[in-house]
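Working notes for the structure below.
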Amino acid sequence: MEKSYYHISSRGLERNDIFKSREDFIAGMNDVAITLLGFDLRILCFCLMSNHFHFVLYGTLGDCRRFSEEYKRKCAIRMWRHNGDVKGMKDVDIRINRITSNEYMENVIAYVLRNPLAAGITIMPLHYSWSSAAVYFCGDKIPAGKVLNDMSARKRWRLLESRQNLPDHYVVNDEGMILPLCYVDREMVEKIFRHPSRLMMALARKIETDVEILFGAAESVSMTDQEILTELPSLLQKEFGKESLAQLSMEQRVMLCLMLNRNFKAGIKQIARLTHLSPELISAIV
């Protein structure tokens, strides 16, 4: 599948927060680094807000979608463990937009990193701890911290709550957070903006309205039949323990229709083609 640049955004929770405390944000930052290792992706920038998140990624649409769903799953598990919240992320939609021009790319990166300002948090984006804003044009010097290579496997587990094999050169700060400098593709962003002053000017401009109009005008990227069929076996196995559509009960097929609509943004006609159910039935379901 062809690789491209995508903006991934989650719909903000209205009655709850994904990240309620500093500890939640640190865990959320680490989950970005840990989740990224499972996919052939590059992350250009990101921002975690209390009730939603944004990523700009380079990779295939399938990998971008799987990354966002896996990150959402990790958030849901943490919300359940820390707060007993069993459905906080259940209905959170993930929107994926393909970035189609250099101007769009610059505006989207600035939009993502400006989220704290737009939300009324009165600090400069560069000083917001829960984004990648501080990693660009900062030279090759790695901030002080503990290198994972110097830690035992047990200490890594206690610190990061993950058995994922993280690169030994990753650096963790005093609060146990993997530094974004270790995994963000800052060189690509620096190439896009070419000079620190251009990035600073972009962050200083109020562009939220313009970018949101673009988001509204652009359709969210949907997957082709073949792309979904490639993902379908793992979905059937994970959700139903089945190997094929033919093994699903009618109730399970109904659930599958909802998953295809929610996870892959599949429309009624596309779901009908994939599940061999009538469009009329699917229309009543989704």
Would you please test L236 and L256 for side-chain contact (heavy atoms from CB on, under 4.5 Å) and show each step?
-> CA-CA 8 Å; L236 294 175; L256 178 62; 4.2 Å; yes
Kindly indicate, with the supporting measurements, whether the criterion side-chain contact (heavy atoms from CB on, under 4.5 Å) is fulfilled by D63 and K3.
-> CA-CA 9 Å; D63 273 348; K3 293 184 177 182; over 6 Å; no
Report yes or no: does [X] contribute a side-chain atom to a donor-acceptor pair with the main-chain N or O of [Y] at less than 3.5 Å?
{"X": "S10", "Y": "H52", "result": "no"}
{"X": "N30", "Y": "G176", "result": "yes"}
{"X": "Y128", "Y": "L48", "result": "yes"}
{"X": "R186", "Y": "A134", "result": "no"}
{"X": "S283", "Y": "P279", "result": "no"}

Aromatic ring proximity F55/F67, centre distance under 6.0 Å | yes
Just say parallel, tilted or perpendicular for the rings of F53 and Y71, cut-offs at 30° and 60°.
-> perpendicular
Would you mind listing every side chain to side chain donor-acceptor pair (under 3.5 Å) that reaches into residues 194-204, with sequence neighbours excluded?
-> E106-R198, H195-S197
Can you give me the closest heavy-atom contact between [X] and [Y], atom names plus distance?
{"X": "M79", "Y": "D17", "result": "CE-O, 3.6 Å"}
{"X": "R253", "Y": "L245", "result": "NH2-O, 3.3 Å"}
{"X": "G59", "Y": "L41", "result": "CA-CD2, 3.6 Å"}
{"X": "E243", "Y": "Q237", "result": "OE2-OE1, 2.8 Å"}

What distance separates [X] [atom1] from [Y] [atom2], expressed to the nearest 0.5 Å?
{"X": "R42", "Y": "L36", "atom1": "CZ", "atom2": "CG", "answer": "11.0 Å"}
{"X": "R65", "Y": "I96", "atom1": "CZ", "atom2": "CD1", "answer": "4.0 Å"}
{"X": "M29", "Y": "E175", "atom1": "CE", "atom2": "CD", "answer": "11.0 Å"}
{"X": "D31", "Y": "I26", "atom1": "CG", "atom2": "CD1", "answer": "12.0 Å"}
{"X": "L199", "Y": "L113", "atom1": "CG", "atom2": "CG", "answer": "7.0 Å"}

Could you point out which residue of L126, V189, L181, L44 forms a side chain to side chain contact (heavy atoms under 4.5 Å, CB included) with Y136?
-> V189
Other residues, nucleotides, ligands: >12 heavy atoms within 6.0 Å of M200 CE | no
Does E69 come within less than 4.0 Å of K72, counting only side-chain N to carboxylate O?
-> yes
Could you check if a side-chain atom of P116 sits within less than 4.5 angstrom of a side-chain atom of C47, using non-hydrogen atoms only?
-> yes
Kindly indicate, with the supporting measurements, whether the criterion side-chain contact (heavy atoms from CB on, under 4.5 Å) is fulfilled by E251 and V254.
-> CA-CA 5 Å; E251 181 181 357; V254 169; 5.7 Å; no
Listed partners of K74 passing salt bridge (Lys or Arg N to Asp or Glu O under 4.0 Å), at least two apart | E70
Just do the side-chain contact (heavy atoms from CB on, under 4.5 Å) check on V56 and M105 with the steps written out, would you?
-> CA-CA 9 Å; V56 174; M105 174 70 83; 4.2 Å; yes
